[in-house]
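To keep things clear, I will list the structure first and then write my remarks on it.
Residues: numbered from 1 along the sequence shown.
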Amino acid sequence: LKCSSSSLFFVASARAIPIFRMFRKMAANTRMTLFPCIFLAVAVWICSWSCSSAFAGTLTHRPARSPGVSLAAAKKAAPKKAAPTKLTKTAIYAKLYEQFPANVEGMTKTGAKAAETARKKLIVSVVESYLDIAASGLKDFGEAKIGDLVSVRVVKKPAVKKGTKMTVAGRDLVSAGKPAMTKLSARALAGAKKIAGLD
């Protein structure tokens, strides 16, 4: 809400006139000597109350929108999405779809859509088949490699009987006994180190 100083003055004056007349009559009847002080205090109160009323809506107004942007457009504007923090499976496939698009030249709209869907299914099938075949190496050979990035190996540790003596870091120890264990060990290969700048 906008208001000028002149409008505030007229509002304050209009409210002060009736009170001024009332005090003038009282002064004429009682010969009040403090009339100027009282009138000044009342006038200040009226002005402050008028200003606070006039500016009451400005304290909680909505932030101004950019010039040239309508109110409807500002309301419909969607909030910005946060930047992704990792490369998800969906994002990886989306990049593959962009690198290997379907050839839809000369096709109708329906045919082009069907070709794009078939190409996406083919890409997913090839990637998943590659990963399945690479992972099968763990079962058949105890080791699997994914490109030149990662090597995964099956590590089997035999059981250790209780009371077995062993030397660890130059000290003779007696084992409390451990069952046999099978776990996976992953190792970064040269390709991954080069991408990460560790080569």
Please answer: with hydrophobic residues joined when any side-chain heavy atoms are less than 4.5 Å apart, are L149 and L131 in the same cluster?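 Not linked; separate clusters.
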With hydrophobic residues grouped by side-chain heavy-atom distances under 4.5 Å, do I195 and V150 end up in a single group?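 As far as the 4.5 Å side-chain criterion goes, V150 and I195 are connected within one cluster.
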Please round to the nearest 0.5 Å and tell me the distance separating atom [atom1] of [X] and atom [atom2] of [Y].
X    : Y    : atom1 : atom2 : answer
R187 : K145 : CZ    : NZ    : 7.0 Å
D148 : K194 : CG    : NZ    : 9.5 Å
I123 : Y97  : CD1   : OH    : 6.5 Å

How close do [X] and [Y] get, heavy atom to heavy atom, and via which atoms?
X    : Y    : answer
E143 : S151 : OE2-OG, 3.1 Å
V104 : A115 : CG1-CB, 4.1 Å
V155 : S185 : CG2-CB, 3.7 Å
V160 : S175 : CG1-OG, 3.3 Å
A144 : A135 : CB-CA, 4.4 Å
K156 : T182 : CG-OG1, 3.9 Å

Would you indicate whether the side-chain heavy atoms of [Y] and [X] approach each other to under 4.5 Å?
X    : Y    : answer
I146 : V152 : no
L122 : F100 : no
L184 : V154 : yes

What residue pairs, at least two apart or across chains, pass side-chain hydrogen bond (donor to acceptor under 3.5 Å, both in side chains) with a residue in residues 117-136?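 Counting only pairs at least two positions apart or across chains, no side-chain hydrogen bond (donor to acceptor under 3.5 Å, both in side chains) contact touches residues 117-136.
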D172: side-chain hydrogen bond (donor to acceptor under 3.5 Å, both in side chains) partners, not counting sequence neighbours: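 Once residues adjacent in sequence are excluded, the partners of D172 under the side-chain hydrogen bond (donor to acceptor under 3.5 Å, both in side chains) criterion are T167.
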Kindly check if the number of other-residue, nucleotide or ligand heavy atoms within 6.0 Å of CE (M181) is above 12?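 12 or below, so no.
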